[in-house]
Structure formats: C-alpha cells, structure tokens
Amino acid sequence: MTENLALKNIKDDIENNDVVLFMKGNAKFPQCGFSALVAGVLKDFGVEFKDVNVLLDPELRQGIKDFSDWPTIPQLYVKGEFVGGCDIIKEMTESGELQELFEEKLTIKK
Amino acid sequence: MPLERDTLEKLILDAFADAEVIITDLAGDNDHWSAEIISKNFAGKSRIEQHKMVYAALKGKMDGELHALQLRTKDK
C-alpha cells in the first residue's frame, strides 16, 4: 500500500511543480556529487524548483526509478516530463539545449 | 561492485556491434567509469532513449552500481 502512496506523491509533485529534482539530499545540502551538480545548474539558471530527497524514503527512492524507468538519481522533471539525469543535464547545459528548454517551457531568460 | 574494463567494454559491444567505445576509469578503482559510445543504433533517438539502451544492455551486470557509470552517447 505504501508503494502506491509513494507513486501518488511522485505524480503529485511532478504535476504540481514546474520543475522537480529528485535527488540525494536537498538543494541546500546535497548528499551526492551528481545531485549537487544538477541542483547547481538549476540555481545558475535561476530556475525555481522543488527538491525531493529520495534518501528519506526507500519506497520513494525505488518508486521514482520505476516511475521513470531510469535506474539512477538525480532525475530532473520539467513540466511533467523527464529531462534526464546528471550526464544528460551536463551535456544539455554545454550545448545550450537546457537554456532553450527552460526558455520554452518556463519563462526564464538568462 | 568493481567491474573490469574489458568486461564493461564487451557488454557494450555485445549490445552495440558497430560501436566505438571509449572507456575511462575515473577514479583508478575499477568502480567509477566513464563510457563514450558512438553507434548507428542511436540514430534518431533522444539522449534519454540512448542512455536507456545502454542501461538495458548492462542490466543486472552492474549490480546497482550504475550511478558510477557516466555516459556520453552519440550517433555515428
């Protein structure tokens, strides 16, 4: 039953927040270098986001991996869509694609 | 769980027969790898799809240590 609750919370978070980062630790105190990197990128862009600490709940941690069909953390969602993990975010930052994505989906200009 | 470079390379080549694979040991401990994979199989696919293909190829072989594998995938 708690598995369904974890799934429901995941869906609610993704639906009710423009940008959601499922990470280890939180934005103020990341507990993993990869999570810290993505949180840092979002801060650099000035994007507001909800940080969800998967370390607080094993069912959440597994739940988001099942939900996204993606085996690793961090995971970035923008407007309900899975954008990627750390490697993809890094590449998209370097290529300018992330900037374009934010400009298109949010109202961020840098 | 440590994985030998040769094993990792073989797993990737088994799944992507035409691939150019560049594997880098990031920490010198056989446990933190970076893999750059260039393959025609990635054509027309988003980065997420490309990475999922790699994860699928390694499924079960990395025993939950996939966070220690950095991926760069490219179409040929």
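Just so we're on the same page: letters track the sequence lines, and every chain starts at 1.
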| request: Kindly indicate whether the side chain of B:Asn30, heavy atoms from C-beta on, has any atom under 4.5 Å from the side chain of B:Arg5. | output: no
| A:Asp69 bridged to B:Lys52 by N-O distance under 4.0 Å | yes
| said: Give me the atom names and distance for the closest heavy-atom approach of A:Leu55 to A:Gly25. | reply: CD1-N, 3.7 Å
| Region of B:Thr73 in contact with chain A, defined by heavy-atom distances below 4.5 Å | backbone
| task | Indicate the atoms forming the closest heavy-atom contact of A:Pro30 with A:Met23, along with that distance. | result | CB-CE, 3.9 Å
| query | Heavy atoms, side chains only, cut-off 4.5 Å: are A:Ser35 and A:Lys24 in contact? | reply | yes
| request: Can you check whether anything in residues 86-95 of chain A gets within less than 4.5 Å of chain B, heavy-atom wise, and list it by number? | output: A:Asp87, A:Ile88, A:Lys90, A:Glu91, A:Met92, A:Glu94, A:Ser95
| message | Tell me whether B:Asp25 contacts the main-chain N or O of B:Gly28 through its side chain, where contact means a donor paired with an acceptor under 3.5 Å. | response | yes
